[in-house]
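Hydrogens, waters and symmetry mates play no part in the numbers below; they use all other heavy atoms, side chains included.
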Amino acid sequence: MDSFLPSPDCDTISKTYNGQIDSHLVQKTNERYREILPNLPRGKGWMTEHLVQYQGVWLTPNAALKGLMWVQGHFKPQSTDILLASFPKTGTTWLKALTFATINRTRYGFADHPLLTTVPHGCLPFLEACPNDLDGFPSPRLLSTHIPYTLLPNSMTGNQSCRFVYICRDPKDVLVSKWLFMNKLRPKELAPISLEEAFELFCQGISHYGPYWDHVLGYWKASLETPEQVLLLKYEELKEEPSVVVKRLGEFLGHPFSLEEESKGVVEEIMKLCSFENLSNLGVNKSSVLKLSTQIIVDNRHFFRKGKVGDGKSYLTDEMIKRINEITSEKLLGSGLVFDS
């Protein structure tokens, strides 16, 4: 069976692969969730009224928290699993498209490729959004996650476990992109969040799966300690030298490009298929919607804004830029990881 999934909706995936949701395990997760929820610290939400802090990370109080608890308690990883990890709005959509196209380049032709009719998120479902038995998925299972590396169960991060591809981005661009995106999903009964509010929350670490710097450092350190299991990519490098990064991605995933493929322009075809210009202008990404969970339905067009590097600076004041640069320098000091200011 093809690894292509028409939708990340849990019900659709379960039916497609005949996987059965374990009602007992779901019940156990829900009971534990109801037990701890009232006692968790709360902060102002971006997309929802508030966020809750769980094990040092800020999450939406329903889907994200339940999803994390499910993964920590019940997910059964396979050594062949490939997970695309990211903090929201760091290049997740583009990375999903490139990865899916790279791994499946001998299965699908470019003229009738699934990415022409399906948003990239429909090809690699979010792990924490699908609490069902994934044993029916073909190997390697292609999944994605926003969960910080430090919160993943040992079964996913130990020796001979899953492989991760992580993408990160300059925090100024992440902040602005996230603010614009979340306001589009914010319920009408809640007033929009101002840029000033979003900025303060982001700097305090109060944002989905935040603090951002902790999220990045978790995967960065893992990529240094176990480079055969964790590959860290920068959005800016992907924009600057996409062909170099795509070939590096293929090598890491165990699907290196042959000299013949390179001479035939396969890398360039993948880059063209997955380019912002191409994906953002497809009919499916202009008019269709994506059901990420029972609570979250997103217009596909919202996943494609500008796809540019440095656009955040055009929204932020000089004082904001200075402050976020100072926080970034302080948080990343001594790690070896840097973002251009």
Side-chain angles (χ1 to χ4, degrees), residues 3 55-57 67-68 71-72 75-103 120-121 123-128 134 137 139-171 174 208-242 244-257 328 331-339:
S3 61
Q55 297 181 354
V57 175
L68 171 59
V71 171
Q72 289 181 330
F75 176 61
K76 298 177 181 179
Q78 297 176 2
S79 60
T80 54
D81 287 345
I82 296 172
L83 284 103
L84 305 190
S86 63
F87 187 86
K89 308 312 295 177
T90 56
T92 309
T93 306
W94 194 13
L95 180 60
K96 284 187 174 186
L98 289 170
T99 301
F100 183 80
T102 296
I103 288 183
H121 295 286
C123 299
L124 284 86
F126 279 104
L127 172 63
E128 55 268 36
L134 300 176
F137 276 47
S139 180
R141 299 187 299 188
L142 302 180
L143 303 167
S144 62
T145 185
H146 285 320
I147 298 176
Y149 189 83
T150 53
L151 266 62
L152 292 170
N154 291 336
S155 58
M156 294 182 68
T157 59
N159 292 333
Q160 305 302 317
S161 60
C162 312
R163 274 180 293 173
F164 294 86
V165 180
Y166 183 77
I167 189 165
C168 58
R169 190 179 187 182
D170 185 287
V174 176
H208 302 76
Y209 298 95
Y212 176 62
W213 299 273
D214 294 352
H215 200 290
V216 174
L217 282 174
Y219 282 95
W220 167 249
K221 291 177 181 178
S223 74
L224 298 178
E225 295 169 358
T226 55
E228 71 283 357
Q229 289 180 230
V230 182
L231 172 66
L232 184 139
L233 303 175
K234 288 184 179 180
Y235 183 86
E236 293 79 8
E237 293 174 350
L238 188 52
K239 289 289 291 184
E240 185 176 355
E241 295 184 304
V244 172
V245 176
V246 169
K247 285 188 281 188
R248 184 182 171 199
L249 178 64
E251 187 78 27
F252 176 79
L253 295 173
H255 292 262
F257 291 90
T328 300
K331 296 287 187 179
L332 303 185
L333 181 65
S335 69
L337 179 65
V338 295
F339 290 105

Please evaluate residues Phe75 and Thr145 with respect to the criterion side-chain contact (heavy atoms from CB on, under 4.5 Å), reporting the C-alpha separation (whole Å), side-chain torsions for both, the decisive distance (0.1 Å), and the verdict. CA-CA 13 Å; Phe75 176 61; Thr145 185; over 6 Å; no

Can you list the steps and then say if Phe87 with Tyr166 is a side-chain contact (heavy atoms from CB on, under 4.5 Å)? CA-CA 9 Å; Phe87 187 86; Tyr166 183 77; 4.3 Å; yes

side-chain contact (heavy atoms from CB on, under 4.5 Å) for Phe339 and Cys168? Distances and angles first, verdict last. CA-CA 10 Å; Phe339 290 105; Cys168 58; 3.9 Å; yes

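For the pair Gly250 and Phe257, the tightest heavy-atom approach, listed with the atom from each and the gap, is CA-CE1, 4.4 Å. Contact between Ser335 and Trp220 at its shortest, heavy atoms only, is O-NE1, 2.8 Å. When all heavy atoms of Gly56 and Pro211 are compared, the closest pair comes out as O-CD, 3.8 Å. Between Pro77 and Ser155, the shortest heavy-atom contact is CG-O, 3.3 Å. Nearest approach of Leu337 to Lys234, heavy atoms of both residues: CD1-CE, 3.7 Å. Here the closest non-hydrogen pair linking Thr90 and Tyr212 is CG2-CE1, 3.9 Å.
Proximity of His146 to His208: side-chain heavy atoms (C-beta onward) are nowhere separated by under 4.5 Å. When side chains are defined from C-beta on, His121 counts as touching Thr92, because their heavy atoms get closer than 4.5 Å. At a threshold of 4.5 Å between non-hydrogen side-chain atoms, the residues Leu233 and Leu238 do not count as touching. Here the side chains of Leu95 and Tyr235 are not in contact, with every heavy-atom distance at 4.5 Å or above. Pro148 has its side chain out of reach of Asp214: every pair of non-hydrogen atoms, C-beta onward, lies at least 4.5 Å apart. Under the 4.5 Å side-chain criterion, counting only non-hydrogen atoms from C-beta, Val338 is not in contact with Leu332.
Arg169 CZ to Lys89 NZ: the interatomic distance, rounded to the nearest 0.5 Å, is 8.0 Å. Remark: Ile103 CD1 to Leu249 CG distance equals 7.5 Å, nearest 0.5 Å. Remark: Gln229 CD to Met156 CE distance equals 11.5 Å, nearest 0.5 Å. Here OG1 of Thr102 is found 12.0 Å from CD of Glu251. Values are rounded to the nearest 0.5 Å. Expressed to the nearest 0.5 Å, how far CD of Glu128 lies from CG of Leu152 amounts to 9.0 Å. Taken to the nearest 0.5 Å, the OG1 atom of Thr150 stands 9.0 Å off from the CD atom of Gln55.
Using the six-membered ring where Trp is involved, Tyr219 and Tyr149 have ring planes that are perpendicular, over 60° apart on the 30 and 60° scheme.
Between the side chain of Glu236 and the main chain of Asp170, a donor-acceptor pair closer than 3.5 Å is present. With Ser144 contributing its side chain and Pro125 its backbone, the two residues share a donor-acceptor pair below 3.5 Å.
Exactly one of Ile82, Leu127, Leu124, Leu84 qualifies for a side-chain contact (heavy atoms from CB on, under 4.5 Å) with Leu143. That residue is Leu127.
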